[in-house]
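A note on names: the letters A, B, ... follow the listed sequences, proteins ahead of strands, and every chain is numbered from 1.
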2 protein chains.
Amino acid sequence: MNRFLGHVTNKIDAKGRVSVPAHFRSIIQQAGHTELYALRSLHLPALDAGGPDLLTRFDKRLESEDPFAEMADDMSFYLHADGGFLKLDADGRITVTDFLREHTGITDDVTFAGANTHFQMWQPEQFEAHRAKVRQRLMERRRLENLDNQTGNR
Amino acid sequence: MNRFLGHVTNKIDAKGRVSVPAHFRSIIQQAGHTELYALRSLHLPALDAGGPDLLTRFDKRLESEDPFAEMADDMSFYLHADGGFLKLDADGRITVTDFLREHTGITDDVTFAGANTHFQMWQPEQFEAHRAKVRQRLMERRRLENLDNQTGNR
DNA sequence: TCTAATCCCATTGACGCCCATAGTGCCCCA
DNA sequence: TGGGGCACTATGGGCGTCAATGGGATTAGA
């Protein structure tokens, strides 16, 4: 299945390298890429990453915007200045640069989390915290919907 | 009948594998799949599992959400990062990873419980407890409804 | 020249693939 | 109707492969 799914945390070694999960790698290599494109997430202390086609996808969405609008300028700046390429070495590892560490708080381990069309890189505890928060928000919403249904249907 | 019904508990072997009940397997294989998609249930200490089409069903619901809303992000995160594929081996077994154990408390045995369009995986005692609670709730509710009917209808 | 990136190789543990066995239910035939 | 045998499932275990990780050596760049 060619989707980014599930999550794994891998160690950063003494030389600052970390293995990208084999499953994620195979998806990217299947598309014929040997590099990753990574972008600092806007709302989260995480990086959105994927094959270079991820940038292409974002670019395309940009083109549909009015090129004179300020929003498009901002977006473009964000995509190209706040994003970067990560080279995969022969063993499928990337080196964790300051670009990654600053935004995420990553130090010794990286949690790779699937997001269907791309994946994210997290500092493990931040990931766990976010996961808990998301679950709680979803439960809350579910509870509200149940209340709606009960009052609405009867 | 291509529905997930009934419940069975199977042992986890020394290598951490457990047989998926043949009946459940046949439903999935009938649909041409050799993998399972499993998701950590929001409100229960159990995993919702089924064929990959289960994920597809969820994804469709996601598409109907506003992609810029926080809720869509949350749902995507929940579905894709907090869920994953489980490979069935040649004998119809899956390996029970920490991903499964953490959320459910599963250690030595797994209870597979049918849920019509999908099935669930439980730690046996948790399952039993939940089953008892559900029965009780249903009985209680039935009792209340009977009271309603008696006062209201006659 | 020193640091940092890159390439290459070794180790270890997990996982996939394969086959064996025991228990159970079912069917067929005597 | 009862017994024998077949089919299938759950379970156990061997073994080879691959992924994750560690570390040496070589090259490039500051």
Side-chain angles (χ1 to χ4, degrees), chain A residues 1-2 4-30 33-36 38 49 84-102 106-114 119 121-124 127, chain B residues 1-2 4-30 33-38 49 52 84-102 106-114 119 121-124 127:
Chain A
M1 190 61 67
N2 55 349
F4 295 96
L5 218 55
H7 66 271
V8 189
T9 98
N10 286 342
K11 282 186 209 164
I12 298 178
D13 70 14
K15 292 161 95 171
R17 300 170 300 182
V18 68
S19 296
V20 176
H23 176 240
F24 289 1
R25 245 156 47 206
S26 76
I27 296 174
I28 291 163
Q29 287 167 343
Q30 225 171 357
H33 304 298
T34 58
E35 281 183 323
L36 299 180
F85 286 112
L86 307 173
K87 281 170 218 144
L88 280 168
D89 72 10
D91 299 323
R93 288 183 279 199
I94 56 175
T95 54
V96 182
T97 62
D98 288 343
F99 166 71
L100 306 182
R101 297 182 193 266
E102 275 170 23
I106 287 171
T107 55
D108 301 327
D109 310 88
V110 181
T111 297
F112 295 84
F119 65 91
M121 299 171 64
W122 289 80
Q123 193 272 335
F127 173 78
Chain B
M1 186 62 69
N2 56 348
F4 296 95
L5 286 179
H7 69 271
V8 189
T9 99
N10 286 342
K11 280 186 209 165
I12 297 177
D13 70 15
K15 291 165 86 173
R17 300 169 301 182
V18 67
S19 297
V20 175
H23 176 240
F24 290 0
R25 243 156 50 205
S26 76
I27 296 174
I28 291 161
Q29 287 167 342
Q30 224 170 1
H33 303 298
T34 58
E35 284 181 319
L36 299 181
Y37 171 70
F85 284 124
L86 307 174
K87 281 170 216 141
L88 281 168
D89 71 11
D91 301 320
R93 287 181 282 197
I94 55 175
T95 56
V96 182
T97 61
D98 288 343
F99 166 71
L100 307 183
R101 298 181 193 266
E102 276 170 22
I106 287 171
T107 55
D108 302 326
D109 310 89
V110 182
T111 296
F112 295 84
F119 66 91
M121 299 171 63
W122 289 80
Q123 194 272 335
F127 174 75

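Read 5' to 3', the first and last nucleotides of DNA chain C with an atom closer than 4.0 Å to a heavy atom of chain A are C/dT6 to C/dC9.
The salt bridge (charged side-chain N to carboxylate O under 4.0 Å, His left out) check on B/E102 picks up B/R40, with sequence neighbours excluded. Applying the side chain to side chain contact (heavy atoms under 4.5 Å, CB included) criterion to B/D108, with sequence neighbours excluded, gives no partner residue. Remark: B/T9 pairs with B/T111 by the side chain to side chain contact (heavy atoms under 4.5 Å, CB included) rule, at least two apart or across chains. Residues passing the side chain to side chain donor-acceptor pair (under 3.5 Å) test with B/R25, sequence neighbours excluded: none. Every side chain to side chain donor-acceptor pair (under 3.5 Å) that B/D91 has, sequence neighbours left out, goes to B/R93. A/K15 pairs by the side chain to side chain contact (heavy atoms under 4.5 Å, CB included) definition with A/D13, A/R17, not counting sequence neighbours. Taking A/N10 as the reference, A/V8, A/V18, A/S19, A/P21, A/F112 meet the side chain to side chain contact (heavy atoms under 4.5 Å, CB included) condition, with sequence neighbours excluded.
Atom NZ in A/K87 sits about 12 Å away from atom C1' in D/dA28, given to the nearest Å. Rounded to whole Å, atom P of D/dA19 lies 15 Å from atom CZ of A/F24. D/dG16 atom C1' lies 11 Å from atom NZ of B/K15, rounded to whole Å. Taking atom CG of residue B/D109 and atom P of nucleotide D/dT11, one finds them 9 Å apart after rounding to whole Å.
Judged purely by atom type and a 3.5 angstrom limit, B/D98 has no side-chain atom pairing as donor or acceptor with the backbone of B/R101.
Both B/T97 and B/A90 sit near DNA chain C, but only B/T97 has its closest nucleotide nearer the 5' end.
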Using the 3.5 Å cut-off, write out each protein N or O paired with an N or O of nucleotides 20-22 of chain D and the distance between them.
from, atom 1, to, atom 2, distance (Å)
D/dA20, OP1, A/A22, N, 3.2
D/dA20, OP2, A/A22, N, 3.4
D/dA20, OP2, A/R25, NH1, 3.0
D/dT21, OP1, A/K11, N, 3.3
D/dG22, N7, A/R93, NH1, 3.1
D/dG22, O6, A/R93, NH2, 2.9

